[in-house]
Structures are given as structure tokens and as C-alpha cells.
Amino acid sequence: MKNREIANLFEEIADILELRGENRFRINAYRRSAQAVSGISRDIEEMAAEGSIESIPGIGKDLREKIEEYLRSGEISLLERLKNETPPILLDMLRIPGIGPKTALLIHAELGVGSLEDLKRMALEHRLQELPKIKEKTEKNIIRGIEFLESFKGRTPIGIALPLAEDIIESLEGCEEVSRLEYAGSLRRHCETVGDIDILAASSSPEDTIKYFAGLSLVESVIVSGPTKCSVFTSDGIQVDLRVVEEKSYGAALNYFTGSKAHNIRLREIAIERNLKLNEYGVFEKKDGGSGKRIAGATEDEVYSALGLPYIPPEIREDTGEIEAALKGGLPELVSRSDIRGDLHTHSDWSDGNASLDDLASAGKRAGLKYILVSDHSMSLRIAHGLTAKRLISQIAEIDRINEKIRGFRLLKGSEVDILPDGSLDLEDGVLKKLDVVIAAVHSSFKMKRDRMTERIISAMKNPFVSVLAHPTGRLLGTREPYDVDMDAVIAAAAETETALEINSHPLRLDLDPVHARKAAAAGVLLSLGTDSHDPSLELDHLRYGIGTARRGWLCKEHILNSRTAAALKKLIERKRKRNP
DNA sequence: GCCGTTTTCGGCCCGACTGTTTTCAGTCG
């Protein structure tokens, strides 16, 4: 599907037009169409073939022609022209949080910076303060913004890396010589971003396998290629390493390349204690200096077992207590997809989603879920067409009608109610009590001082009708830092008020992160998995990123709110409501 | 650039925050 590519190009056009001070409605038209194109579940190429592109809201004759031009020639001439006329540093600067077109143009015109490194250096030398309307604070924010971008530089979010790795594996399965195949590295540990993608293969002919890999259509260029290892860049600029090993070493290699480094070091220490040697080829008996007999290596199970350990799931291989737990036989039974009965955070076309309630229900049923919470935004979030109390009540009636028609599945009535800056909620208790599950979230005034933000969030959790705090820290990976909030206090308040904390499963949020999720569970707080889906046909599947995060946080089925049946879930929610009438 | 029970031109979302200013421009969602 080229939907995403086209959306990115339209965004780029909008950015450049903005820098050129074009008509803001024209700019907005490009942004809206970018959203529309990436938001639809249908393949844009298919729609082009049947001539129905203009049925997408926000796309008229002109944009249709640009889409067709791209599908035909691989580029949009308008964008090529605009790019020729625009210094790339201007676009780079727009990615810095807090810098918009005006500031970017000003800095570029007055100081002539050529790169972000340049800009950072000048900011550190306080050169930016020579400019009008820029003082110490703005300068500091710019430095902070650049450092924020740097921390993600060269890293790929799991939401892109995982599907790509799966595609590569599917392609490599076409290579006859390959007998075993998996992705390893930080991706297998379900880290939220990865530096590169590691693929491990067992093959009877490493050379042929490497040749096959280097010839895949998604390979843009080969970085290095040897007899057992090949590194390439894909057309998106992501590095993929393939390593080919013998079958008898496959488990040891998988273990080695999965990491983490800290985990591997601990394993090697355990091997030494047992007078064994562990490396990427296997577990060996130690014979006075020389390498002895191989006693394990073909599977990871075998490797762990040779070290006297049970199999340790990749998501917790971080040396944060898993070795000790394994030695004591106390490893957690981590939550898995089959434990999850419902999705507790979705949007429909009543607010900013693209699916009707009917679509949402059928997509949920197809995904094997028992229930889905419809949690459209509340009215203060105008940008997302938040629902007024009146519209929410009509939605409730509509959900009741739909539920009467379907079997074996339920739409739950809900709201993602806004937590206003003073900590009050955007809907009255009288409305909230009509809902099955209320999730509350901050969507405005992100830059509040720590104490006030913490107080604001805790005050919302105290409301008896708020069952879940959604995306508790508000971070957007690579785009927005978390709010300045005292998470320890929030976790304590969640335990005290019986409010669940969400693990928002959108791959660019993954909020809570594993560290906080683990802390919360230890404090007796339930975690709620929600996809925050705005397009159920594509995004209900994001549940897997949330599950990966939950597993990284050592969570088991019983820690997860939506591993419950709908009836058990309602009982838990009633308990909080009754406790604070 | 899109769109139309306000219909082919004239609107289009706009409130809130931040940091810089003494009244507002720029940015964000």
C-alpha cells in the first residue's frame, strides 16, 4: 500500500508551503488529505484503478491528479520543484518541538545555519539571543528540542520495524536452503525503538541464503556481505543484518543476538560457575584451556536448560531480576494475546475515528475480541470533534441498538473524557454514570508545572466514574516528551482510588512504559490495554505492541483489566463507583 | 485546495499556552 508514502509527501508539501507563507487553507487542504489518505483502510492504488479517489473526503480534482502522478511516475513534480527551492535545513528545523515556520525562517535568514548541529552549537553559544523575540528560555527550549530529536536519531519505532521484519522473514521463507528463521535483537525483546533489525537464519547453504537476501526487492544497498553475515539498507533507510548459522548453533545464536547484553553477561557467568562455556555457537564443557564437548545449542530451551534455567521470555531479558527469578523457579507467566478479551480504547467516526460503530463492532469480532470500548473524545477536544453530552447520549442509544443485533460480542459505552487544566472533567457525573467505562486523559496544557500536573491528574482519578487513566504520561515517541508529572504519586493514587492505568498500545505512544507498568502492578494497580484505534481495520492489531510492553513490564494475565470478561470488568468498575458514591 | 439544505464563491476550527512582550505572534493539538 502506498497510502502512507503519499500522506508523507502531502505533509512535506504542506510544510514547505507553510515556510513560504502560502494560503493557510491551501496548506490545511494538504494536511487534511494526508490524514485522509493514511486514514483510509483501502489501498489507494486500487482506488485509483477504479477511479474512486475523489470519493475520499478532502480530495478533489487537483490532489487526485497529484496522487495519480505519484502512482505513475514515483514523484510529484510540485514537490520536486518546492524541494529544489527550499534549503533542507528549514524542514529539519520544523521537526524541533517549539520551532514553527516563522522561527525557522528567522534563524535561517539571520544566522545562516546549515544543519541542526550548527543550530545547536549556536544556541549553546547564545547566538540565538541576538535575534528579535528569542531570549534565554526559547534558546533553552530549542537546545532541549534538538537533544530530544537526537535521542531518536537513527532509531526506528517498533511500529515500523516489526512489520518490516515480518515482511523480510516472509520473503526469506522463499529461500529453499533456509530451515529456521526469526528476528532477534531488541526487536525480539519488543523494545519501543530499534537501531537495526537483526534476522537469524539456519541454512544448509549460507552463501545462497545471503545472495537471496541481498537480492530482495526491498534492499536498497548492501553495506557489507561476507560468508555468514550480510548488512543492507532498505529503501526506508533502515539497516537490516542477516546472520546465517548452522542448525546445531541456532538456539545459542538466537540467544546471543537477542540480548540484552546485560542478560548475556549474566548467562555467561552462570556458565562459568558450572564449569561450562557459553558463546553464540553453543554451550560447551570446559576442558583445561581447550574447548570441550558441545552440550547444547540447537534451541534456546536447550541452552537455558544446560545452564540450569527455565526458558526466559525475550521481553524480560534485561537483567532486571529475571535471572534471579528463573533460578528460584519464580518467573512470571507473562500475559499473551489469547488472554485479552477486549480493547478498552477506541474511536469511531462520531469523533475523530474513521469507522462507524457497526464497523467497529464487526472489526472487533473479526479480531477475536469479546468487547470493545467506544471511547470517543469529549467536547473540549474540538480538533477531534469531541462529543457534547447530548451527542454522547445519542451515541449510547445507538450502541444499545447495535448490541441488540449482534451475538457473542459487545460494544461497551464509554468516553475518553478530557481532564481539564483544573483537574475537573469535561463531562458531568450525571452523564458519566450512564457509561460502562470512562477513561480520562490529558489533551491540553501539556506544559504545566510538575506539582500542578500531578495534582490535576490525581484529582481526575478521584472521580468515582473514572475507571482508567489513558496514556498517563502523554509522550509521543520522537515527537513529544512526557508531561512533567510525578508518576510515583500517580501510581500511588491509582492504587488508592482503584483507577486502572492504561498501556496505550499505539506504537508511537506505548504509554505507560514497561518500567512504570511494572511499578504500577507491584503497587496493586490494574493495567488496561487499549489500542487508541482510529481505524479498526488496521489498528486493532496494535494490541500486540501493548502486549509486548506489558510483557516487558513483567505483567501477567491477572494484572490486566481487560483480561476479564465484560461482566467481571463491570463488577470491578462498580466497586470503585460504590466506594465513592 | 476543497466544498456546497450557507451550493460555484467565500468560507474553511480555533482556543490555549508560551515567551516575549506591555498587547501579541507563534506554536500546538
Side-chain angles (χ1 to χ4, degrees), chain A residues 6-7 9-37 53-69 76 78-79 82 90 93-109 123 128-145 148 347 351-352 377-388 416 418-422 426 441-449 452-453 456 470-471 474-476 479-484 506 508-509 532 534:
Chain A
I6 290 170
L9 297 175
F10 281 178
E11 282 288 353
E12 210 175 340
I13 293 177
D15 283 343
I16 300 180
L17 292 178
E18 204 164 11
L19 285 166
R20 294 163 67 109
E22 280 270 352
N23 177 321
R24 66 194 172 97
F25 299 110
R26 184 177 174 216
I27 295 165
N28 217 342
Y30 277 100
R31 296 216 191 278
R32 277 180 23 132
S33 63
Q35 266 203 326
V37 170
I53 289 185
E54 278 191 55
S55 70
I56 303 169
I59 296 194
K61 173 169 172 284
D62 202 275
L63 292 182
R64 185 204 78 220
E65 284 174 357
K66 292 195 168 64
I67 292 172
E68 287 169 348
E69 183 192 357
I76 298 174
L78 169 70
L79 176 60
L82 290 173
L90 286 173
M93 278 198 269
L94 287 186
R95 288 179 15 247
I96 301 171
I99 291 195
K102 296 284 158 52
T103 315
L105 285 168
L106 174 74
I107 293 174
H108 183 253
L128 301 192
Q129 294 191 42
E130 295 166 11
L131 302 175
K133 295 201 177 167
I134 293 183
K135 288 268 171 306
E136 194 184 347
K137 214 149 185 183
T138 306
E139 198 174 57
K140 269 193 180 147
N141 281 340
I142 289 174
I143 295 171
R144 201 185 151 106
F148 178 69
H347 296 275
S351 67
D352 59 347
H377 292 287
S378 60
M379 59 189 165
S380 81
L381 209 60
R382 278 168 240 279
I383 189 172
H385 309 110
L387 271 56
T388 58
E416 181 180 10
D418 231 34
I419 303 175
L420 303 174
D422 67 356
D426 198 23
V442 168
H443 291 108
S444 62
S445 308
F446 299 121
K447 297 235 160 128
M448 243 174 207
K449 287 265 180 318
R452 276 187 65 208
M453 184 59 101
R456 171 185 183 186
H471 43 76
R475 73 168 178 178
L476 291 175
T479 319
R480 190 170 75 206
E481 291 191 278
Y483 334 124
D484 192 6
H506 193 287
L508 291 180
R509 284 192 185 268
D532 209 345
H534 289 71

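All values reported here derive from a predicted model rather than from experimental measurement.
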Below the 4.0 Å mark, does [N] have OP1 or OP2 next to a side-chain nitrogen or oxygen of [X]?
X	N	value
Asn141(A)	dG19(B)	yes
Ser33(A)	dC2(B)	no
Lys133(A)	dT20(B)	no
Lys135(A)	dT18(B)	no
Arg480(A)	dC28(B)	no

For a quick check of understanding: with a heavy-atom distance under 4.0 Å over all strands, which category does [X] fall into, base, sugar-phosphate or nothing?
X	value
Ser444(A)	nothing
Lys66(A)	sugar-phosphate
Leu381(A)	nothing
Thr103(A)	sugar-phosphate
Pro97(A)	sugar-phosphate

Exercise. In the structure shown, which nucleotide is the Watson-Crick or G-U wobble counterpart of dT8(B), with both distances under 3.5 Å?
Worked result: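 Here dT8(B) is not engaged in any pair, so there is no nucleotide opposite it.
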Taking atom [atom1] in both [N] and [M], what distance in whole Å separates the two?
N	M	atom1	value
dA16(B)	dT20(B)	P	22 Å
dG15(B)	dG10(B)	P	24 Å
dT18(B)	dC13(B)	P	25 Å

Problem set entry | Any donor-acceptor pair under 3.5 Å from Arg475(A) side chain to Arg480(A) backbone | no
Exercise. Sub-3.5 Å donor-acceptor pair from the side chain of Tyr483(A) to the main-chain atoms of Val442(A), do we have one?
Worked result: yes
Problem set entry | Presence of salt bridge, Glu11(A) and Arg31(A), under 4.0 angstrom | yes
For this session: Verify the distance criterion only: is there a donor paired with an acceptor across the side chains of His443(A) and Asp418(A) at less than 3.5 Å?
Result: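 Judged by distance alone, the side chains do pair up.
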